[in-house]
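Report on the following structure.
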There are 2 protein chains.
Amino acid sequence: MDCENTRNTYQRKVVLEELKKTTAHPTADELYEAVRKRLPNISLGTVYRNLEILSACGQALKLDLGEGKKRFDATTKPHYHLRCIKCGKVIDVPYVPLDKEIENHVKGMGNFKITSVQVHFEGICEECLKKK
Amino acid sequence: MDCENTRNTYQRKVVLEELKKTTAHPTADELYEAVRKRLPNISLGTVYRNLEILSACGQALKLDLGEGKKRFDATTKPHYHLRCIKCGKVIDVPYVPLDKEIENHVKGMGNFKITSVQVHFEGICEECLKKK
DNA sequence: ATCGGTGCAAAGGTTTTGCAGGCGG
DNA sequence: CCGCCTGCAAAACCTTTGCACCGAT
């Protein structure tokens with residue numbers, strides 16, 4: 001994607017601002033609802049298009065945790081995610097440099113070049129542990 | 001899921017047989033096309049239902065590699081997957097016990113209980129490396 | 001005979017896209 | 001002005017589901 005020829009539209013600005021306000025890793029639809037409070041006429045398609053551009057240009061992360069829908073994250077520095085199997089919440093897991101370690105383990109195990117490693121966790125979050 | 005009260009229908013048998021014939025990690029639709037050569041009247045819904053039952057009962061794996069569709073694998077023993085970013089092919093990566101190692105790294109880094117770790121790789125497969 | 005499974009088609013949920021008009025640089 | 005972007009709506013895509021009938025046990 002060509003990130004030089006993108007324009008700073010107000011809609012894109014608000015989408016990114018609202019994404020930065022939360023740590024809940026919203027879906028496109030959830031973010032659409034949040035953005036609509038400020039821009040009642042924005043369309044869901046515009047939210048999708050802007051999330052696509054923002055994540056392609058390094059200003060957001062697109063997450064797929066196997067739920068059948070994507071989530072988005074304004075925190076672009078390396079970290080992992082844990083999805084709670086009880087309440088569905090997605091929380092951040094602090095970064096430890098697993099990627100390089102994994103690549104070292106797998107290196108030489110086949111004739112392919114690894115460009116990225118996806119790691120995510122499933123488990124039970126702090127709150128759901130307390131409830132039980 | 002209740003795996004005791006399942007019946008051995010011919011459709012389910014053929015779905016599993018066709019899945020076992022390939023290492024290409026087919027999607028439900030791709031498997032539907034393969035099965036249809038033997039059972040021209042089978043429906044896509046039946047393929048989905050059987051893949052759901054087979055994976056829930058440990059006879060197949062359901063994979064989500066972030067493509068917006070699920071893939072299926074008759075190899076249920078532990079291994080990883082690499083999706084080629086050039087040709088889209090999914091190939092097996094031999095198992096090394098990354099899961100436990102990762103859990104050891106992350107253990108104690110937050111108040112949550114990890115129940116599973118998903119790891120998958122993106123990269124370039126042998127054939128596409130040669131082409132370049 | 002029971003009750004899980006099937007085929008068909010419709011519906012469901014998420015994401016993409018065609019189009020005409022709007023606006024940022 | 002140019003051409004990227006927007007809103008709207010339809011479509012695309014993958015998957016699930018309701019229904020009546022079928023067939024495995």
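Just so we're on the same page: letters track the sequence lines, and every chain starts at 1. Heavy atoms only: backbone and side chains are in, while hydrogens, waters and symmetry mates are out.
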Between protein and nucleic acid, restricted to nucleotides 22-24 of chain C and to nitrogen or oxygen atoms under 3.5 Å apart, what atom pairs and distances do you find?
residue : atom : partner : partner atom : Å
dG24(C) : N2   : R7(A)   : NH2          : 2.7
dG24(C) : N3   : R7(A)   : NH1          : 3.4

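- Near DNA chain C, meaning a heavy atom under 4.0 Å from it, residues 11-18 of chain B has Q11(B), R12(B) in order of number.
- As rounded to whole Å, 12 Å separates atom C1' of dT16(C) from atom NZ of K70(A).
- Under a hydrophobic-cluster definition in which Ile, Leu, Val, Met, Phe, Trp and Tyr are linked whenever side-chain heavy atoms come within less than 4.5 Å, directly or via other members, Y95(B) and L61(B) are assigned to different clusters.
- We find that NZ of K69(B) is positioned 17 Å from C1' of dG13(C), with the value rounded to whole Å.
- Against DNA chain D, the stretch residues 22-39 of chain B makes no heavy-atom approach under 4.0 Å.
- A salt bridge links E127(B) with K89(B): at least one charged nitrogen is closer than 4.0 Å to a carboxylate oxygen.
- Between L63(A) and K70(A) there is no side-chain heavy-atom pair separated by less than 4.5 Å.
- Listed in residue order, the members of residues 45-67 of chain B having a heavy atom less than 4.0 Å from DNA chain C are T46(B), R49(B), N50(B).
- For the pair R71(A) and V90(A), the minimum side-chain heavy-atom distance is below 4.5 Å.
- Looking at L16(A), N50(A), L51(A) one by one, the single match for side-chain contact (heavy atoms from CB on, under 4.5 Å) with L31(A) turns out to be L51(A).
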Would you be so kind as to tabulate the donor-acceptor pairs closer than 3.5 Å made by side chains of residues 39-46 of chain A, with sequence neighbours excluded?
residue : atom : partner : partner atom : Å
S43(A)  : OG   : T46(A)  : N            : 3.2
S43(A)  : OG   : T46(A)  : OG1          : 3.1

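- We find that CG of L44(A) is positioned 11 Å from P of dC8(D), with the value rounded to whole Å.
- For the pair E4(A) CD and dG3(D) P, the computed distance is 17 Å after rounding to whole Å.
- R12(A) places a side-chain N or O within donor-acceptor distance of the main-chain N or O of R7(A), the cut-off being under 3.5 Å.
- Note on residues 22-63 of chain B: pairs passing ring pair (Phe, Tyr, Trp, His ring centres under 6.0 Å), not counting sequence neighbours, are H25(B)-H81(B).
- Between E17(B) and K13(B), at least one side-chain N (NZ, or NE/NH1/NH2) sits under 4.0 Å from a carboxylate O, which counts as a salt bridge.
- Not one N or O on the side chain of T75(A) forms a donor-acceptor pair closer than 3.5 Å with the backbone of K77(A).
- Between K21(A) and E18(A), at least one side-chain nitrogen of the basic residue sits less than 4.0 Å from a carboxylate oxygen of the acidic one, meeting the salt-bridge criterion.
- For the two cysteine residues C57(B) and C3(B), the thiol sulfurs sit under 2.5 Å apart.
- Side-chain contact between K62(B) and E52(B) is present, with heavy atoms from C-beta onward closer than 4.5 Å.
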